[in-house]
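Values below: every heavy atom of this structure, side chains too, minus hydrogens, waters and symmetry copies. Whatever order the structure lists ligands and atoms in, that order sets their numbers, starting from 1.
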Amino acid sequence: MSEAKIAQKGPYAVNVEAGKTYHWCACGRSKNQPFCDGSHVKVGIDPVAFSAERTETVYLCGCKRTGNKPFCDGTHSSL
Ligand code: FES
Ligand code: FES
C-alpha cells in the first residue's frame, strides 16, 4: 500500500448539508479534493464516508495525516 499523498497542507472548508453522505479522499490523489474521485483504486487506500449531522461548514483534512478522519485536527501544522 502506498502512502497517502498530501493534497494541501491545510484543511478544505466545505459546506455540507444535513443528512447527506460524503466521501472524503484519504489517498490524496483525487482531482476533486477533498472528495474521492475514484483515483484511489490503484493505491489501496479507501475513502472515508461520513454523514453530515447538520448543514454547516466543516474543515476537512487536506494533508491526509489527521488523527480524526475526515476532519482537520491540526496535524498539518507539524508537516
Ligand atoms: Fe490535515 Fe489539518 S489539513 S490535519
Ligand atoms: Fe482518494 Fe478515493 S480518490 S480516496
Enumerated ligand 1 atoms positioned under 4.0 Å from heavy atoms of [X]:
X     : result
Gly10 : 3 (S)
Pro11 : 3 (S)
Gly62 : 1 (Fe), 3 (S)
Asp73 : 4 (S)

Going by atom types alone, do Thr75 and Asp73 pair a side-chain donor with an acceptor below 3.5 Å? yes
Ignoring hydrogens and geometry beyond distance, is a side-chain donor-acceptor pair present between Lys64 and Gln8 at under 3.5 Å?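 Gln8 and Lys64 do not have a side-chain donor-acceptor pair below 3.5 Å.
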Among protein heavy atoms, which sits nearest to atom 2 (Fe) of ligand 1, and what does the distance come to when rounded to 0.1 Å? His76 ND1, 2.1 Å
protein heavy-atom neighbour closest to atom 4 (S) of ligand 2 works out as Ala26 N, 3.4 Å
At a threshold of 2.8 Å, where the distance has to be below it, does atom 1 (Fe) of ligand 2 have an N, O or S atom of Cys36 nearby?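 Under 2.8 Å: Cys36 has no N, O or S contact with atom 1 (Fe) of ligand 2.
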His40 backbone or side-chain N/O/S under 2.8 Å from atom 1 (Fe) of ligand 2: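 Looking at His40, which is the residue asked about, there is no N, O or S atom under 2.8 Å from atom 1 (Fe) of ligand 2.
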Which heavy atom of Lys9 sits nearest a heavy atom of Cys63, and at what distance? CA-CB, 4.4 Å
Compare every heavy atom of Ser39 with every heavy atom of Ser30, then report the nearest pair and how far apart it is.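 Closest approach of Ser30 to Ser39, heavy atoms only: CA-OG, 4.1 Å.
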Confirm or rule out an N/O/S atom of Cys63, from backbone or side chain, lying less than 2.8 Å from atom 1 (Fe) of ligand 1.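 Yes, within the cut-off.
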Could you list the atoms of ligand 2 found under 4.0 angstrom from a heavy atom of Asp37?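 Once the distances to Asp37 are compared, the set is 3 (S).
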Answer yes or no: is there an ion pair linking Arg65 with Glu3, defined by an N-O contact shorter than 4.0 Å? yes
Verify, without hydrogens or angle tests, whether Asp37 (side chain) and Lys31 (backbone) share a donor-acceptor contact under 3.5 angstrom.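 Yes, Asp37 side chain to Lys31 backbone: donor-acceptor pair under 3.5 Å.
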Indicate, with yes or no, if the rings of Tyr12 and Tyr59 have centres closer together than 6.0 Å. no
